[in-house]
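Okay, so here's the structure we're looking at.
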Amino acid sequence: MADAPAGRDYRETVFLPDLPGDPFPLRAGLPKKEPERVKYWAEIGLYHLLRKEAAARPKVVFHDGPPYANGAIHIGHAENKILKDFVVRTKQMAGFDCDYVPGWDCHGLPIEWKVEEDFRKAGRKKSEVPAVEFRRACREYADKWIPLQRDEFRRLGIEGDWDNYYTTMSFDAEAAIAREFLRVVRTGLVYRGSKPVMWSPVERTSLAEAEVEYQEKTSPTIWVKFEINGYDITQNLGGGVNVVIWTTTPWTIPGNRAIAYNPSIKYGLYQVEEIEKDLPFEPWVRAGEKFVLADARAADTFAAAKASRYTRLQDIDPSKIDSCRHPFDEWQKTPDKGGEYAFGVPLLAGDHVTDDAGTGFVHTAPGHGADDFIIWTKHFGQEGIPFTVDEEGRFTKEAPGFEGLEIIQLEGKGLGKDGPANKAVIDALIEEHALLARGQLKHSYPHSWRSKAPLIFRNTPQWFIALDKSYRDGKTLRQVALDEIDRVDWGQKRTGETKDYNRIRGMIEDRPDWLVSRQRAWGVPLPIFVSKSDGSILQDDEVDARIFAAMKAGGADVWWATPAQDFLGAKYKAEDYEKVEDILDVWFDSGSTHAFVIGNPEAPTRPSFVNPVSTIYLEGSDQHRGWFHSSLLESCATRGKAPYDEVITHGFTMDEKGMKMSKSIGNTIEPQKIAEQNGIEILRLLIASAEYGDDLRLGKIMIDQSGEMYRKLRNTLRFCLGALRGFEDGERVPLDRDLPLMERWLLHRLHEVDRDVRRGYDTYQWRVALSAIVEFCNVDLSAFYVDVRKDALYCDAPSSFRRRACRSVLDETFSRLTAWLAPIMPFTAEEAWLTRFPESVSVHLRTFPETPVAWEDDFAGEEMAKLREARAVVTGALEVARREKVIGAALEACPRVFVADDALRASLQAIDFAELCITSGIVIEAGEGPADAFRLPEMSGVAVVIEKTPGVKCARSWKYFDPATADPRYPDITPRDAEAVAAWDAARG
RNA sequence: AGGCCCGUAGCUCAGUUGGUUAGAGCACACGCUUGAUAAGCGUGGGGUCGACAGUUCAAAUCUGUCCGGGCCUACCA
């Protein structure tokens with residue numbers, strides 16, 4: 001076999017997929033091109049074009065959870081915004097109007113800290129800066145960051161109304177937040193109660209959890225006797241039986257109001273028999289004394305008390321103890337001779353009590369501990385909690401006998417050290433014979449982040465929203481919220497995933513009342529007046545209207561800058577009312593965003609928010625405790641319903657090992673860096689292919705892998721662009737059953753992929769859609785359809801039906817690929833689309849093309865599945881022949897295919913199977929074939945023997961052919977190629 | 001410490017109500033091609049399904065314990 005004699009170079013007559021000037025190069029240059037594209041979208045006003053295009057469509061509201069206006073964005077922000085962008089873009093392209101209004105959360109501590117620091121550097125203490133000046137500085141600080149963050153978000157390819165973003169500190173927002181709170185007041189759910197908070201006596205302020213750090217501290221420990229008042233079998237016990245508690249904070253004893261025990265712990269009655277001898281001091285314990293203790297704690301307790309021998313008399317059930325005497329209830333040094341402490345100390349059951357430390361009984365001072373507070377309010381509500389300590393950490397008159405003593409030294413050399421309070425209490429206990437033992441303990445104890453001074457738990461008056469008070473059709477806020485949780489889709493409806501539903505439900509079921517007041521400066525005030533005579537909150541529409549109007553005009557500052565009388569008007573006297581100066585929990589701010597961003601159903605803030613078919617929230621899973629939570633409660637309180645219909649959550653970004661990213665470990669990855677080095681679309685693709693509900697791992701390997709996926713997709717688009725060069729409507733053939741099987745099958749696949757992509761997008765499972773697209777590109781297009789059809793595309797005459805059919809179907813493919821990919825790869829989809837249609841404005845103004853039902857073609861699908869299985873046997877055989885150096889390229893082969901099954905053989909004969917296998921010829925025969933033929937275990941009825949193709953190699957298509965069949969004008973190419981070249985020559989004259 | 005959750009090939013993910021030798025894409029190795037060419041095609045290696053125990057004729061799939069990781073609470077009298 002010899003090649004045709006060297007003759008004409010046909011290369012120029014081959015329709016290679018090059019585009020003039022290579023407008024869509026393989027090397028994308030994303031880091032450089034993406035910013036240009038962002039600018040382009042801004043210039044054409046894409047956001048406004050989108051709104052205009054979709055004005056008549058059904059609305060979907062995607063409401064942005066506001067990031068905090070502080071610092072550069074990090075990878076977590078990037079994941080969050082990109083996922084949001086996927087939702088917004090897919091909804092828009094699925095035929096909705098999905099308006100996205102980004103926002104920022106501006107009030108709160110982090111900014112307050114920064115600004116405070118700035119003032120300190122300038123030599124001014126916060127307390128010396130007027131509230132309004134301080135707030136102005138906070139506002140300026142937030143204002144500085146918003147445009148910076150906005151530009152970073154736009155760089156990520158996020159589309160939205162970036163010129164009209166919302167903030168929680170705009171005057172409108174501040175007025176709206178205040179009005180929302182007044183709305184809650186009208187439900188009757190707002191009350192003033194108290195709660196122990198972390199308090200710094202040195203700084204005279206409460207501290208947030210984030211401002212607290214734990215340090216080692218040595219504290220006194222005391223074992224205190226509480227004599228039992230009554231026990232229904234007291235007669236059997238005799239008198240003088242004591243419950244023993246243990247504590248590291250003696251100063252909380254005046255605040256003791258209860259003792260907690262755990263019903264699942266075993267308790268016993270013990271009698272002391274003998275005291276240790278030869279001690280350098282005389283122990284307080286006496287032989288014959290009786291104590292109730294957890295059995296597991298008896299040994300340690302008696303060791304501390306120096307009782308060398310003791311006996312256990314009987315079991316004790318603490319629930320049968322009515323109450324105990326307070327150790328100070330007969331203390332002579334109190335003004336009332338102990339009468340102030342003459343309340344019974346009840347025993348309360350609580351799970352927080354353990355028997356691995358202490359005595360099995362927990363001293364409970366509801367004003368000075370979280371557990372203490374919880375167990376107390378569970379039994380007695382807010383009643384009866386004393387305020388024993390003032391804001392400087394001094395005992396008040398509610399701690400009779402100790403008034404004025406400091407818990408922590410406030411000044412001088414001993415600043416931050418224990419004050420006289422502990423010692424005074426211990427002395428009093430000794431005096432009253434209530435101290436069993438004492439010691440010292442080194443333990444971790446809360447300290448102020450800034451002053452490093454120890455903190456105390458201190459009961460302070462605060463404002464709450466009640467969860468268990470009925471307010472709406474006899475229901476409580478908790479009940480309404482739980483009902484709404486059932487209505488909302490947390491994923492349990494779209495994918496059956498119940499984890500988010502369970503999580504939010506659990507949180508709402510368990511949470512205590514909402515503490516909404518903060519003793520801070522940078523926020524929206526609780527805009528209320530409290531009657532000095534009866535403690536009720538003034539509720540008057542005219543007053544509320546004045547407050548709202550003033551804030552709308554001048555922001556929340558007016559609350560501090562305007563005399564109370566101006567709000568109260570003529571009807572009320574300022575001196576009769578206390579103007580509350582606390583600010584609202586910032587979660588109340590963001591919980592109210594729905595009210596001023598989306599608006600009420602009756603009063604939407606924009607046309608794109610009218611009667612939405614759905615309102616969607618999407619945030620990280622930490623927002624179950626945050627924004628999802630506060631928005632739910634706020635909206636249920638004011639409107640009786642959740643502000644959203646669907647909630648989507650995502651996990652957190654981790655490093656490549658699945659560990660949390662942190663600056664100190666140095667394993668962070670900045671989105672800005674990915675944008676510079678790889679292009680942000682690589683990150684978008686990575687996020688789209690991940691199970692974002694779980695944590696997202698991020699590392700070099702994943703980014704590289706995502707880059708590979710990108711290249712494959714880009715190259716597929718690039719091939720389509722080249723293959724479709726010059727394709728016009730006139731070339732199009734009807735997309736019906738007269739198409740070749742290959743094209744019928746490809747349409748069938750487009751139909752299937754369309755279904756998968758829509759299903760993925762509808763349920764926010766981007767990876768389902770993306771993997772359908774990627775697999776289609778790789779397996780169906782690249783490895784099969786394109787590989788097979790390259791011959792027809794390159795070498796057929798333009799008039800060839802086969803080539804026209806191929807191009808018609810590729811046109812539909814390109815149309816869909818660009819649309820399907822647009823939400824995930826907005827830059828590249830745009831680039832591809834505009835390369836093909838330079839006169840078009842943007843791919844993003846399109847919707848997903850409808851895919852005709854008629855394209856579903858089960859026959860083509862099943863037929864092609866069979867053919868590809870048979871093809872796999874041929875490719876396997878070719879591989880063996882290649883390895884044995886029988887052939888190199890597949891076109892050198894002419895396989896003999898033995899097919900036992902008549903139906904399968906008929907299928908193979910019905911089409912050009914050589915074309916499918918990309919061989920120059922093929923022989924299909926009946927029967928089992930020779931024993932040494934190539935077979936695959938899963939296709940036992942097909943056997944293949946590879947033989948070399950006879951004939952000569954076509955100088956144009958490289959196929960081997962019988963030169964006897966050649967067109968005499970073109971002896972070195974096949975007749976098919978001759979026809980194409982003839983047409984090509986004719987066109988050029 | 002408690003609540004919710006995650007743990008399948010090097011990587012990202014599929015694995016229907018428990019049922020034949022656990023799949024895909026990418027990566028890797030080898031080969032082919034040199035007309036998608038800083039591309040394309042083919043073939044191949046690679047997993048005790050986090051560990052252990054249990055239920056079952058049968059478990060990646062159900063139960064329990066443990067290990068590792070994440071988010072959120074709490075952090076102790």
Side-chain angles (χ1 to χ4, degrees), chain A residues 10-11 14-18 25-27 209 214 221 245-249 252 259-260 351-354 356-359 361-365 368-372 443-446 497-507 509-511 620-626 629 649 651-652 654 656-660 686 689-691 693-697 699-709 711-712 715-716 718-723 767-768 770-771 774-775 777-779 782-784 786-787 790-791 793-795 872 875-876 878-880 882-883 887-891 918 956-958:
Chain A
Y10 290 99
R11 196 170 199 281
V14 178
F15 304 105
L16 294 178
D18 304 329
L26 235 164
R27 278 170 65 91
E209 192 56 43
Y214 289 83
T221 59
I245 63 93
W246 177 76
T247 179
T248 57
T249 50
T252 59
I259 293 170
D351 293 337
H352 64 289
V353 181
T354 62
D356 45 284
T359 63
F361 289 104
V362 173
H363 147 62
T364 298
H368 299 293
D371 283 336
D372 305 41
H443 60 157
S444 98
Y445 189 87
E497 287 271 347
T498 53
K499 60 181 179 184
D500 288 333
Y501 169 81
N502 291 340
R503 191 165 175 183
I504 189 81
R505 240 198 115 80
M507 284 180 177
E509 273 168 355
D510 290 343
R511 68 155 297 144
S621 62
D622 57 334
Q623 298 302 326
H624 284 105
R625 178 56 80 189
H629 195 108
T649 70
F652 283 67
M654 300 295 140
E656 54 215 317
K657 292 178 198 130
M659 305 293 273
K660 180 184 183 158
L686 191 155
S689 60
E691 172 76 300
D694 299 339
D695 290 337
L696 178 75
R697 287 192 186 199
K700 191 180 178 305
I701 299 169
M702 296 84 166
I703 293 170
D704 287 350
Q705 174 181 323
S706 179
E708 289 306 313
M709 192 194 295
R711 284 157 76 142
K712 187 75 191 190
N715 205 216
T716 305
R718 180 176 138 93
F719 182 85
C720 289
L721 285 168
R767 68 177 195 290
V768 170
L770 183 61
S771 65
V774 167
E775 197 160 322
C777 286
N778 286 329
V779 180
S782 192
F784 181 61
V786 164
D787 212 30
K790 272 193 278 196
D791 174 65
L793 276 169
Y794 296 172
C795 298
T875 25
L878 288 171
E879 187 61 24
V880 174
R882 247 193 294 268
R883 211 171 301 135
I887 56 159
L891 282 174
I918 322 183
R956 184 167 179 267
S957 66
W958 301 340

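We name chains A, B, ... by the order of the sequence lines, and we start the count at 1 in each one.
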To the nearest angstrom, the CZ-C1' distance between A/Arg625 and B/C5 comes to 16 Å
For the backbone of A/Arg711 and the side chain of A/Asn715, can you confirm whether one donor and one acceptor N or O come within less than 3.5 Å of each other? no
Do the non-hydrogen side-chain atoms of A/Ser621 and A/Phe652 ever get within less than 4.5 Å of each other? yes
To the nearest Å, give me how far apart CZ (A/Arg711) and C1' (B/U37) are. 12 Å
Rounded interatomic separation in angstrom, taking CD from A/Glu708 and C1' from B/G25: 12 Å
With rounding to the closest Å, how many angstrom separate the C1' atoms on B/G46 and B/C28? 9 Å
Please give, in whole Å, the distance from B/C76 C1' to A/Ile245 CD1? 14 Å
Would you indicate what A/His624 reaches in the nucleic acid, counting non-hydrogen atoms under 4.0 angstrom: base, sugar-phosphate, or nothing? nothing
Show me the protein contacts with nucleotides 2-4 of chain B, counting only N or O atoms at under 3.5 Å.
none

Just how far, in rounded Å, is C1' of B/G68 from CE of A/Met659? 9 Å
Apply the test side chain to side chain contact (heavy atoms under 4.5 Å, CB included) to residues A/Phe15 and A/Leu793: give CA-CA distance (whole Å), side-chain angles for both, the deciding distance (0.1 Å), then the verdict. CA-CA 7 Å; A/Phe15 304 105; A/Leu793 276 169; over 6 Å; no
Taking only side-chain N and O atoms of A/Lys712, does any of them lie within less than 4.0 angstrom of OP1 or OP2 on B/G25? no
Under a plain distance cut-off of 3.5 Å, with no hydrogens placed, do A/Thr649 and A/His624 share a side-chain donor-acceptor pair? no
Distance, nearest 0.5 Å, that separates CZ of A/Arg697 from CE of A/Met659: 10.0 Å
What does A/Asn715 touch in the nucleic acid at a heavy-atom separation under 4.0 angstrom: a base, only the sugar-phosphate, or nothing? base
Scan A/Val880 against the nucleic acid and name what it touches under 4.0 Å (heavy atoms): base, sugar-phosphate only, or nothing. nothing
Nucleotide by nucleotide, nucleotides 29-35 of chain B touches protein heavy atoms under 4.0 Å in the pattern (B base, S sugar-phosphate only, - none) ---SSSB
Side chain of A/Thr716, backbone of A/Lys712: donor and acceptor closer than 3.5 Å? yes
Identity of whatever pairs with B/U16 - Watson-Crick or G-U, under 3.5 angstrom: none
Select base, sugar-phosphate, or nothing to describe what A/Ser706 touches, counting heavy atoms under 4.0 Å on all strands. nothing
With a 4.5 Å heavy-atom cut-off, do A/Leu16 and A/Tyr794 have their side chains touching? yes
To the nearest angstrom, the CZ-P distance between A/Arg27 and B/A39 comes to 10 Å
Identify whether the distance between the nearest side-chain nitrogen and carboxylate oxygen of A/Arg625 and A/Asp622 falls below 4.0 Å. no
Can you tell which of B/C72, B/A36, B/G70 lies closest to the side chain of A/Met654? B/G70
CD1 of A/Ile701 to CD of A/Glu656: how many Å apart, nearest 0.5 Å? 6.0 Å
Expressed in whole Å, how much space separates the P atoms belonging to B/G42 and B/G25? 10 Å
Earlier contact from the 5' end, RNA chain B, for A/Val779 and A/Thr249: A/Val779
Whether A/Arg882 side chain and A/Ile887 backbone form a donor-acceptor pair below 3.5 Å: no
Considering heavy-atom distances to RNA chain B, does A/His363 or A/Cys777 have its closest nucleotide positioned more toward the 5' end? A/Cys777
Partner nucleotide, any strand, of B/A1 [Watson-Crick/G-U, under 3.5 Å]: B/U73
Atom CG of A/Asn778 and atom P of B/G25: how far apart are they, to the nearest Å? 8 Å
Please report the interatomic distance CD1(A/Ile918) to CG(A/Leu878), rounded to the nearest 0.5 Å. 10.0 Å
B/U43: pairing nucleotide in any strand, Watson-Crick or G-U under 3.5 angstrom: B/A29
Provide, to the nearest angstrom, the distance between the NE2 atom belonging to A/His629 and the P atom belonging to B/C72. 14 Å
Polar pairs (N or O, both sides) under 3.5 Å between protein and nucleotides 11-16 of chain B?
| residue | atom | partner | partner atom | Å |
| --- | --- | --- | --- | --- |
| B/C11 | O2' | A/Gln705 | OE1 | 2.8 |
| B/C11 | O2 | A/Gln705 | OE1 | 2.7 |
| B/C11 | O2 | A/Gln705 | NE2 | 3.2 |
| B/U12 | O4' | A/Gln705 | NE2 | 3.4 |
| B/U12 | O2' | A/Ser689 | O | 2.9 |
| B/C13 | OP1 | A/Glu691 | N | 2.6 |
| B/C13 | O3' | A/Arg767 | NE | 2.8 |
| B/A14 | OP1 | A/Arg767 | NE | 2.6 |
| B/A14 | OP1 | A/Arg767 | NH2 | 2.2 |

Which part of the nucleic acid, if any, lies within contact of A/Gly651, taking any heavy atom under 4.0 Å across all strands shown: a base, the sugar-phosphate backbone alone, or nothing? nothing
